[in-house]
Amino acid sequence: MVTGNLFHSKKNSWPPEEYVSRNTLQLFNFDSAAPPKQAWRRRLNSHANILKEFSVTFMEAIQMVRLGIRLWSYVREEASHGRKAPIDPFTRESCKPSASQGVPLGGMGSGSISRGFRGEFRQWQIVPGTCNISPVMANQFSIFISRDGGNKKYASVLAPGQHEGLGKTSDEGISSWGWNLNGQHSTYHALFPRAWTIYDGEPDPDLKVSCRQISPFVPHDYRDSSLPSAVFVYTLVNTGKERAKVSLLFTWANSIGGISHLSGDHVNEPFMTAKGNPPVTFAVAASETQNVNVTILPCFGLTEGSFITARKMWGKMMQDGQFDRENFNIGPSMPSSPGETLCAAVSASAWVEPYGKCTIAFALAWYLVCCVHYRAGIGCYWRYTKFYGTSERAAVDLVHDALTNYKHWEEEIEKWQSPILEDIRLPEWYKFTLFNELYFLVAGGTVWIDSSSPSADVKSDQDPPIKVESKNIKVTEAEMNCRHSTGFEHTSTSGCNSSTGVGLKQNGNSTIPRKKRSSKHFSHHLKTEDQLDGNEDVGRFLYLEGVEYIMWCTYDVHFYASFALLELFPKIELNIQRDFAKAVLSEDGRKVKFLAEGNYGIRKVRGAVPHDLGTHDPWNEMNAYNIHDTSKWKDLNSKFVLQVYRDFAATGDMAFGIEVWPAVRTAMEYMEQFDRDDDGLIENDGFPDQTYDAWTVHGVSAYCGCLWLAALQAAAAMAQRLGDKFFAETCKTKFFSAKSAFEKKLWNGSYFNYDSGSSSNSKSIQADQLAGQWYTSSSGLGPIFDEFKTRSSLQKIFDFNVMKIKGGRMGAVNGMHPNGNVDESCMQSREIWTGVTYAVAANMLLAGMEEEAFTTAEGIFIAGWSEEGFGYWFQTPEGWTTDGHYRSLIYMRPLAIWSMQWALSPPKAIIEAPKINMMDRIVISPATFSLSLPETRVRKIANKTACFGNSSLQCTC
């Protein structure tokens, strides 16, 4: 636990006053318009440098040449079948990744669009498993200002002009717009899931503008957190002596990223009904009030032949500050031709009195009824269809609800974040990095589906309405449609205060529903509100290992990342474990070629935890990873047992424990085959048979061996709780034997050797050598090793793996020789893995080494997130080399920073558990050394424990 006054240091503290004038901050000190005290910050004129990717050394290339040839052949074979290989290092995006990312838009698992810190909409992941990183530059906010008397006029896109893709100002496209913003006095402030952009006198010196971006990421809210929408709240403060007419413009192209806007046959309409194939439907809207007038332009083009060009649209806004009201009556546009882009626009204008203030809110929503058609026909409906159904009104309803309820979202977000942000014990950089690393749960290719098919007319009347400031809504859509023209329907109006919008549809048509507002919000407490409705179906959840490694729920990586889900959305975390528990007991006998060695095996072996839930047909075609035969990996089964026990102990969910127990037992039994010398300890098999899948291991390894010891301890504790005392005793017997062998073979007096082999790196210091100890401590179990061995090993890691790499300013390198040189035996041994560094820091916190812990983790912040770093904000990679070159951007494992927060504040169930080591309380009786049990025993255990119900976990053995 963190002590009272250890971290008062201002190191890496970014006070807002260093970026925004105090006077401006005071002017925005209302309605959340001012950026928070703790946030990641950047000036808009900051250079977005191109990121540098890692390269293999000559010797590494020689070692992997056969793998490379087989992988190349596999990628081509998959492409011939219209499938994308889950790992494809040969195909590169034409747009190189740059240090330009910002907070992504939308909730979890609903498709995502990222927004760069300079304002561009980029990193499109609307379709599961695809990612278009190029920005769509027509998607912009712009501002038009005129003062009384007309002597002063300003017009500018609210993004700096140094963007790629802009042509000559004489063009009819977006280059004709006013790209006049310098960005020198404009700043970006990020605290996920919100972001603030402050225009401090740009472009009008007498107008201060705050744009607040809000997405519905609300922990423990399993409804709103699934919604594909975002709100942009503009706060205007006039510091001049003349009143100003301010018009804000939101333009949006008919595109889902990449070059999709050029495919042709797109149609824009104020509204349309639909038929045929499911589309992606966008809706953009603004809130119309007594002081704010909203108008729309349903369609304009970017080329000279367009009826209304981007240049003409801009000229109309320059002249009038709004569009014609008659535009609400415009019918369908003509289908676009190939190479032609169709766009739409929403304008909101208001007069701001001298020294007065005004607020204008815009909203964006996207809607795709079927996220993907898996072969088994399971899970093709996004979770939000459970609340919005499948009728044609859903995109309209989403922007309606976003504009109506964003204040409630903000209230809940602030309740969640405030205790951490106000904790004076914690470093400033840690507070905002903790929240900002959660970007991955939105931008990490997440898919959240409904477990059942939605109806076309869903109304959620069963829940009480949220108490929010109500707005009557008027929404007008101009939808964009590829390949099909459609009918026309006019504005839907309710009341006099309204929001008016434009909807955009592409790739076919759909029926999308109208729904009534409902909610079931949970406060942010793991043990209480998440158990109020134990039978609530929260759907099924998938997230990618990374946008470059397209495999769902990669389990050896989820081991690190899962702390975030357990802390914030525990029901999702339990469902993921249920999915893997079912997978353990299944087998898939289809033949698979493993690319590292070129040998063949079957896709999924019963008893082995799968590497992932698949790529093209998740849950049904698991183990998309085919580099190695993961049924022979030595970490996956232990990680499954450890995660299940941690989740069981943290939630106290007895029904969950009973449900997954057969899989836990089977996973433990399966591992016995790897104990070659009957000492209770598993051995590795001379190839990279664990998450470090390029780093060969011989004999007993510190990483896999420690995980196995921890799994024995966790399995014994869980078995005891569930009434299987025979299995508990067997695990304990094996634990003591295995622990003795482990220490004898690996302990060298100051740390545990990498492995027990005789290779040149067998004595290397592995940063992750105590991963098993990390999990047992995080789960409320007693220590595996005595305090001296634990602290000595962690101190060795800190002194060598951390501090000998650029003075601790890069994180912990995976492998380090005891002479102080980096272990370069393979690509991964010389890398710094961001998520592993966070996990090591959490382990240090659990061991009482607070200063070392935060120094270790701060290296990731300095190298990845700070201004002096390499530019990996909101795209944290799997790792980087000691010279900062990345591998695999936007990666799952860095969510492990939440294991640090877990170490600082474990849940009530674990805190209140007995502190005595479970292993010392189990009575040993003579028993066979084998973990195998008759199959009938599982049913007896389940019957015996069923009477416990959902009682909280209190270990009384």
Contacts of [X] that satisfy ring pair (Phe, Tyr, Trp, His ring centres under 6.0 Å) - sequence neighbours left out:
X	answer
Tyr188	none
Tyr430	Phe854
Tyr439	none

Test item: Asn436 side-chain N/O and Phe432 main-chain N/O as donor-acceptor pair under 3.5 Å: yes
With sequence neighbours excluded, residues passing side-chain contact (heavy atoms from CB on, under 4.5 Å) with Met803: Phe798, Thr855
Contacts of Lys37 that satisfy side-chain contact (heavy atoms from CB on, under 4.5 Å) - sequence neighbours left out: none
Inter- and intrachain pairs under salt bridge (Lys or Arg N to Asp or Glu O under 4.0 Å), touching residues 435-447, at least two apart: none
So, [X] versus [Y]: side-chain donor-acceptor pair below 3.5 Å or not?
X	Y	result
Asp224	Trp409	yes
Asp647	Gln643	no
Gln828	Asp693	yes
Thr554	Glu545	yes
Glu567	His220	no

Anything under 30° is parallel, anything over 60° is perpendicular, the rest tilted; go ahead and classify [X] against [Y].
X	Y	value
His628	Trp633	tilted
Tyr872	Trp880	parallel
Phe217	Phe192	perpendicular
Trp695	Tyr692	perpendicular

With Asp768, the side chain to side chain contact (heavy atoms under 4.5 Å, CB included) member among Ile797, Val836, Asn801: Val836
Salt bridge Glu573-Arg646, side-chain N to carboxylate O under 4.0 Å: yes
